[in-house]
Amino acid sequence: MNSIHRQVNRLAAGGRLNRAKVIRFWYDDRQYEGHPGDTLASALLANGVRIIGRSFKYHRPRGLFAAGPEEPNALVQLENGPHTEPNRRATEVELYEGLIAHSQNCWPSAAFDVGGVAARLSRLLPAGFYYKTFMWPPRMWRAYEKFIRHAAGLGRAPAEPDPDHYDKRHAHCDVLVVGGGAAGLQAACAAAAAGARVILADERAEFGGALLERGDGDDGDGDGDGDCDSDDGDGDKAAQWLGARLAELRRAAEVTLLPRTTVTGYYDCNFLVACERVTGHLGPSRGDRAPRERLWKIRAARVVLATGSIERPLVFADNDRPGVMLAGALRAYINRFGVLPGKRVVALTNNDSAYLAALDARRAGAAVEVVDVRRHPSGALPERARARCIPIHTNCTVSAVECARGWSRGRGVASVQVMALSDDGREVRGAARKVECDVVAVSGGWTPTVHLFSQAKGALAWREDLHAFVPGRPALANPCLCAGACNGAATLAECLEQGRAAGVDAAAAAGFTVDDSADSAGATAAIDNASAQLNIDEPRHAAMRALWILPCEHAIGRGPKKHFHDLQNDVTVADIELAAREGFEVSEHLKRYTTTGMGTDQGKTSNLNALAALSESRGLPVAALGVTTYRPPYTPLSFGAVAGQQRRDLFLQKRVTPMQPWHVKRGAVFENVGDWMRPYYFPGKDESMRAAVQRECLAARNAVGVLDASTLGKIDIVGADAVKLLDMVYTNAWGNLAVGSCRYGLMLNEHGMVFDDGVTTRIGEQHFHMTTTTGGAARVLNWLEEWLQTEWPDARVYCTSVTEQWAVASLSGPQSRALLSELCAPEQPLDAESFPFMSFRELTVAGIPARVFRVSFTGELAFEINVPARFGLALWNALFAAGEPYGLCPYGTEAMHVLRAEKGFIIVGQDTDGTVTPFDLGMDWMVSKKKTDFAGKRSFSRADTARAGRKQLVGLLTEDPALVLPEGAQVVAELRKPPLKMLGHVSSSYFSPTLGRSIALALVADGFQRKGEKLNVAFMDGGGHQARVTAPVFFDPSGERARG
Amino acid sequence: MLLIKCPWCGTRDMSEFSYHGEAHLLRPPAPAEVDDAQWGAYLFARKNPKGLHRERWMHAHGCRRWFNVLRDTRDDRIYATYRPGDSPPDVDAGDDNGENNGDNNPGNPT
Ligand SMILES: [Zn+2]
């Protein structure tokens, strides 16, 4: 359908709109028009769209209920394809040309929804229905879950990567002001005048807060002719004041104004997180813009919270019908957006503020009646309404809502039934009167927005006159001041005064005091002047009646009508009563059981009414029940903003070795080891991984292979007490290690468990070169530093990480000596006598000064060539330039694993898991018997460490030599019906090309005594395989080859 | 996110630091001479107070030095930071959770 709808509800004038410009947008595949200044919500209302979605549980049609972030109903799917975003509140989406939105939680459309049948089954969906209905029998959960996810569908996640980019910014300030309404602006001006660095953030596009929503209805002498454009109204006064304040703030050098910025979290020590919509309000980008959103991380010396208040609804029979909305929202739509959502308005209230909406609606041309639950509303505002001939039904309530054309496809409210209240307000009586209307504006008073204050661990205090929680004592760690409506201020004058005082005090606490200088005095005077300019004559509001849950002809929950207190999560007063009866009567339990307040709106309009219902049920005052904990974020944050630039290549740092370009060119497949990218294997053309790994292994055994071992952790240890340190952190003794010699070491924690291993070499008398596992380098350095700094602060040792300073090419294989000697001068002998196994020489390799270590992790003749990192690639190239005649083959980490497993060399973290001692590994020979102390030694004699039956490292050879056991598989005595007695697990398993069969390492209870036994390995599919227990060394057990 | 004053570098965001558990644990000077219960206490027994806690932190993304922090676990208030080897300052957090203390600067140890 392409015909464009008319803006039937748009007023001819008024509001902060640019009517000269038309914006076209699409909602549920129909085209509409709006104007700059509109939100999606106001534009839809202007076009007479009343049903914006279906409710979460019962699929009841719902319309716009609010005008701000508290909106519970109007969640839409914004845009399509990669730009799509679910659960956007229409009240917060600024209209832009070409906007596309779809209703959610309904099929095929919000107006006609198949799922509406759920509403008829509502008796089957009581409080706690997830727990009661769907948790049993457990095997059915998968089936239920599908149904629930579909039925509960809160929009669709995008299926494509987000094409936009996001940013983050850290900021420090003296005073952060949250909320740019009257109080916040005043606070920012006062703090800025004192010289403080100020950040002022407001969630909306325009500063001004509730000032933007004031109409001439506030004005005592309005003419009532519906002309909202008169030039002497309060709306204009407010606009002038606003302009002056903003101009002042823009002039100030140290003030940062952040409109469209929602402060979502208030964390320890005045650290706050805010999300700025930089370009997101302009619609999908084509990649040519500033970031879509920017996440601010702000540290403020002082915070001023001027977060305003949110109107509290009244809960009456079928109060969820489209057309029922907050009275303040009605005012906002009329005065700010120039939209009158209906022609006939009923205002239902327990206080005076709904009269402002009634007066504004009357002035905008609507027929208006007020239903006031109070017996004798007699304040200035009701008087004003009477003067405008607005009928007031006192001591009455709305007891029923009728919708046009049946509610399931209804167009919303068509009339309400008004009945008198009993004395206690719990029942209705007398005759019902029908009042035709299309809007029901409700007000149950105002709830201070204390979310951020409470997040900051501030204590809330109950204000009996407001029937609400207000900020009490702030937490010591989060010094903040509250001002305005969020602090319980009732009038504009109070807001201004509180704002000014908070600004001055916050600046003073941050070290900026207004002295008596002319400048400061001038600034103060300007602020006082400004307050005077906004001297709007505001009638004092009379007291409210403490009644929010309003009766109908049936007891609540007994008849067909529903009293919703939580519109977003479809929770009714009856649900609360049921939960309380079932024992969930603590507010935190009630919340989780009924899901009240757990929607994306976090119960902004429902929490207090839920407490009111619970209070009724339990016969306790609300103050005694306490609120549930407020947690960040105040409104949802996009994943994009949270991720910022940390995505794709910037998600995690990637460490690469100097030889990386060669590996890439050679077509290496990489694996991540810690943060490192290491070649996993080097496949030839059309070569499988298995074939490549087999080829690489055989080259290293039969000719010569080279591994890029640059990632090995390396720590340079220098000092007179270096030996003392090594003796303490390794199990073996180091004092007798000759200069130029290498030694393998096992590192234990104080529990006696292996946590790292590696070769350490004595470079000089007081100088050692320690190597660690690739992933353990940082952990080991911390371990050494911890001993040095906290146990022996007087020890003369320095430890320096040199992992990235040395590039390492590890030559391995019978031809490695011949290849290396080609690159060394003849006067550098490499024969076994001059350069024996487990020793180190400083050589010149291919013209590069090198430290060469004769250590072997493959069991072959091997040389680890260390050169300064900047020469790493040159060394690598030189090796390959000379290597061809020797059959030099690069090998990756997988071949390295196979080669070392053939030799039974452990990998810490694979063959150990933090519960393995050196004895469990059969490495008793590594543990010094002479040293009286080293880390972990004392724990060897602890009962559990010394007991029999511990798991021990063994080899496993399968019956079928071709079968490679899965790593992690359980080793069991026999395969039979579960449960099986588990003896251990397979820790390493490969196909060994050298042996022509599979090999495995395993940790098995009493493994050493089981050599020769046949055990079983169980597979995930229920099958298994028999394997024989052997020693863990499969190849060259005497170690001849490495020493050669 | 807490602000923590490194005794060497000054006040920094908590994200620069790593936490290392209870401070002032004494490793038995001659482990071989203590019984299993004493060794077990050194390995495993940790205080978990509701109130003042002396704990070790390390300026991992800064000077990489260990130091001690006196923190109230009830409200994360940090009363002091001090170098290893220094004795903890004597503070009285009281039962009123510090309410009477006038200095409420964010994270500024006294
Ligand atoms: Zn530091």
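Just so it is clear: chains get the letters A, B, ... in the order the sequence lines come, proteins before strands, and each one is counted from 1. Worth knowing before you read on, the calculation uses all heavy atoms, side chains too, and leaves out hydrogens, waters and symmetry mates. Only a predicted model underlies this, so the values are computations on that prediction, with no experimental measurement involved.
- Surrounding CG of B:Asn48 are at most 12 heavy atoms belonging to other residues, nucleotides or ligands under 6.0 Å away.
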From CA spacing to verdict: side-chain contact (heavy atoms from CB on, under 4.5 Å), B:Met1, A:Arg299
CA-CA 9 Å; B:Met1 183 160 53; A:Arg299 186 77 77 168; 4.0 Å; yes

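- Between B:His20 and A:Thr790, the closest side-chain pair of non-hydrogen atoms is not below 4.5 Å.
- A salt bridge is absent between B:Arg77 and A:Asp268; no separation between the charged side-chain nitrogens and carboxylate oxygens falls under 4.0 Å.
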Check against salt bridge (charged side-chain N to carboxylate O under 4.0 Å, His left out), A:Glu750 and B:Arg27:
CA-CA 10 Å; A:Glu750 283 281 58; B:Arg27 185 177 196 266; 2.4 Å; yes

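- The existence of a salt bridge linking B:Asp13 and A:Lys297 is excluded, since no basic side-chain nitrogen approaches an acidic carboxylate oxygen closer than 4.0 Å.
- Both the backbone and the side chain of A:Asn782 come within less than 4.5 Å of a heavy atom in chain B.
- Contact of B:Pro84 with chain A is made through the side chain alone, with heavy-atom distances under 4.5 Å.
- Neither the backbone nor the side chain of A:Phe940 comes within contact range of chain B; no heavy atom of the residue lies under 4.5 Å from a heavy atom of that chain.
- Interface remark: B:Trp66 contributes backbone and side-chain atoms alike to the contact with chain A (heavy atom separation under 4.5 Å).
- Looking at every heavy atom in both residues, A:Cys269 comes nearest to B:Leu2 through SG-CA, 3.8 Å.
- Minimum interatomic distance between B:Asp75 and A:Ala477 (heavy atoms only, all atoms of both residues): O-CB, 4.4 Å.
- Surrounding OH of A:Tyr798 are at most 12 heavy atoms belonging to other residues, nucleotides or ligands under 6.0 Å away.
- Contacts of B:Asp76 with chain A are made by side-chain atoms alone, with heavy-atom separations under 4.5 Å and no backbone atom involved.
- In the displayed structure, B:Asp90 atom CG is contacted under 6.0 Å by at most 12 heavy atoms of other residues, nucleotides or ligands.
- Ion pair A:Glu786/B:Arg56 flagged as a salt bridge, since at least one NZ, NE, NH1 or NH2 atom sits closer than 4.0 Å to an Asp/Glu carboxylate oxygen.
- With hydrogens and angles ignored, the 3.5 Å screen pairs no side-chain donor or acceptor of A:Arg938 with any backbone N or O of B:Ala32.
- Taking CG of A:Leu476 as the start and CZ of B:Arg74 as the end, the distance is 10.5 Å to the nearest 0.5 Å.
- If you measure heavy-atom distances from B:Tyr42 to chain A, the contacts under 4.5 Å come from the side chain alone.
- If you measure heavy-atom distances from A:Tyr267 to chain B, the contacts under 4.5 Å come from both the backbone and the side chain.
- Other residues, nucleotides and ligands contribute over 12 non-hydrogen atoms within 6.0 Å of the CZ atom of B:Arg83.
- The structure places CD of A:Glu791 at 7.5 Å from CG of B:Leu26, a figure rounded to the nearest 0.5 Å.
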side-chain contact (heavy atoms from CB on, under 4.5 Å) between A:His751 and B:Phe44: does it pass, once the steps are laid out?
CA-CA 10 Å; A:His751 301 265; B:Phe44 303 115; 3.2 Å; yes

